[in-house]
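Okay, structure first, notes after.
What you see is a predicted model; the values in this text were computed from it and never measured. Just so it is clear: chains get the letters A, B, ... in the order the sequence lines come, proteins before strands, and each one is counted from 1.
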Protein chains: 2
Amino acid sequence: MAESAEPAADVESSCEEVRGILSRVGEKWAPQVMARLDSGPRRFNELLRLEAPITPRMLTVTLRGLESDGLVTRTVHPTVPPQVEYGLTRAGRELFGIVHTVVNWTDKNLEAVHAARAAYKTTNG
Amino acid sequence: MAESAEPAADVESSCEEVRGILSRVGEKWAPQVMARLDSGPRRFNELLRLEAPITPRMLTVTLRGLESDGLVTRTVHPTVPPQVEYGLTRAGRELFGIVHTVVNWTDKNLEAVHAARAAYKTTNG
DNA sequence: CTGAATCCGGGATGATACTG
DNA sequence: CAGTATCATCCCGGATTCAG
């Protein structure tokens, strides 16, 4: 499915940039948080509960990282008590779509991956 | 493009597995090495030269990791001097196709990402 | 409610040198 | 040729505590 039928930029060209994005969505909690936000905007404590046992610190770190790459928006409503809403940007939704293809790939290749790991462990240490 | 039109397995279901794969292809040298192997099998020192300044150790670590997940094959030809060929498996080629869509996404959203980073750095520290 | 500050352990990455 | 061994370093992620 995901064969590059498009112009397909070279991997080398924007290599470090791609690595940055790959690392970003590869962060421990990034995929879950993006999945959650993909179904609509959420507040901090909502995410905190839904993604438990994530800690406040890691949720902040994750959100800040995604925000700094333009994948997530952070909207502060100056109310009392404070209220902050997070949501995916257009780019963020697009990228999450790609992450989803990885989910599908993993689902499809789960057995093969496990078999490879078992075989590798047997052959080596 | 990459909107999930397929059955689309849930992100939560095989969550740790997906994270493992994401981390695997997110390793520093994994994308480059996979790109190189996507154009045909290569020998250790070939990769070492082509991906310089990678060190022998990191090339080994990267290849072993990819091999253990069934993305790369390692073929030893019992000749003298020793000859070892690395190549992508079918699953590896598929997964690299997905990585390539990330490359395209990055290419397309480069400006937006940079703008977001600049804005974030201005607003915060 | 929404974070920030601090400390810490472990894994990822790298430099260098050596080997079957 | 194709790695391995060792040591140093750095950053991610978690626990805990505190603040606007």
Side-chain angles (χ1 to χ4, degrees), chain A residues 15-16 19-34 36-37 41-69 72-87 117 120 123-125, chain B residues 15-16 18-34 36-37 41-69 72-87 120 123-125:
Chain A
C15 188
E16 293 176 29
R19 266 269 310 152
I21 296 300
L22 241 21
S23 299
R24 184 64 73 198
V25 300
E27 282 176 5
K28 180 158 186 180
W29 301 93
Q32 281 116 300
V33 169
M34 290 181 77
R36 215 53 97 159
L37 296 180
R42 296 282 186 181
R43 294 177 55 185
F44 190 84
N45 269 2
E46 271 188 286
L47 294 170
L48 206 53
R49 284 193 309 271
L50 292 170
E51 303 305 339
I54 191 176
T55 62
R57 172 180 140 72
M58 285 318 294
L59 181 55
T60 299
V61 169
T62 302
L63 288 169
R64 290 289 192 277
L66 295 171
E67 185 194 355
S68 78
D69 279 355
V72 157
T73 59
R74 177 174 181 269
T75 312
V76 181
H77 298 100
T79 61
V80 41
Q83 184 169 343
V84 183
E85 265 198 354
Y86 294 91
R117 284 180 188 158
Y120 183 84
T123 306
N124 307 277
Chain B
C15 187
E16 293 176 29
V18 173
R19 268 266 312 149
I21 295 300
L22 241 21
S23 298
R24 182 65 72 200
V25 300
E27 281 176 7
K28 181 157 185 180
W29 301 94
Q32 280 115 300
V33 169
M34 290 183 78
R36 212 54 96 160
L37 296 180
R42 298 283 187 180
R43 296 174 54 182
F44 190 85
N45 271 1
E46 269 188 286
L47 293 170
L48 206 53
R49 284 193 308 273
L50 293 169
E51 303 304 341
I54 192 176
T55 62
R57 173 180 143 70
M58 284 318 295
L59 181 55
T60 298
V61 169
T62 301
L63 288 169
R64 291 289 193 278
L66 294 171
E67 185 196 355
S68 77
D69 279 356
V72 156
T73 59
R74 178 173 180 270
T75 313
V76 181
H77 298 100
T79 62
V80 40
Q83 185 169 340
V84 182
E85 266 197 354
Y86 293 92
Y120 183 84
T123 305
N124 308 277

For atom CD1 of A/I54 and atom P of C/dT2, their distance in whole Å: 14 Å
For A/G26 against B/S23, the heavy-atom pair lying closest together: O-OG, 4.0 Å
Among A/R42, A/R43, A/R74, side-chain hydrogen bond (donor to acceptor under 3.5 Å, both in side chains) partner for A/Y86: A/R74
Rounded distance (Å) that lies between atom C1' of D/dC1 and atom CZ of B/R49: 11 Å
Gap between atoms NE2 and C1', on A/H77 and C/dT2 respectively (whole Å): 14 Å
Atom-pair distance (CE on B/M58; C1' on C/dA15), nearest Å: 12 Å
Separation of atom CG in B/L22 from atom C1' in D/dC12, rounded to whole Å: 16 Å
Gap between atom CD of B/Q32 and atom CD1 of B/I54 - 0.5 Å precision: 7.5 Å
Protein-nucleotide distance (B/Q32, atom CD; C/dT13, atom C1'), rounded to Å: 14 Å
Step-by-step side-chain contact (heavy atoms from CB on, under 4.5 Å) determination, B/M34 to B/V25: CA-CA 9 Å; B/M34 290 183 78; B/V25 300; 4.2 Å; yes
Closest-nucleotide 5' rank along DNA chain D - winner of A/P82 and A/E27: A/E27
Atom pair CZ (B/R36) and CD (B/E46), whose distance is rounded to the nearest 0.5 Å: 10.0 Å
Nearest-nucleotide pick for B/P81, side chain only, options being C/dG14, D/dG13, D/dC1: D/dC1
Distance test, side-chain N/O of A/W29 to OP1/OP2 of D/dG14, below 4.0 Å: yes
A/L59 versus A/F44, closest heavy-atom pair with distance: CD2-O, 3.5 Å
Which atom pairs link the protein and nucleotides 3-6 of chain D when you take only N or O atoms and keep those under 3.5 Å?
from, atom 1, to, atom 2, distance (Å)
D/dG3, OP1, B/R74, NE, 3.4
D/dG3, OP1, B/R74, NH2, 2.6
D/dG3, OP2, B/Y86, OH, 2.5
D/dT4, OP1, B/R64, NH2, 3.4

Steps toward side-chain contact (heavy atoms from CB on, under 4.5 Å) verdict (A/Y120, B/D69): CA-CA 8 Å; A/Y120 183 84; B/D69 279 356; over 6 Å; no
For atom CZ of B/R42 and atom P of D/dC1, their distance in whole Å: 15 Å
Atom-pair distance (NZ on A/K28; C1' on C/dG9), nearest Å: 14 Å
Closest to the B/R43 side chain, choosing from D/dG14, C/dC1, D/dC1: D/dC1
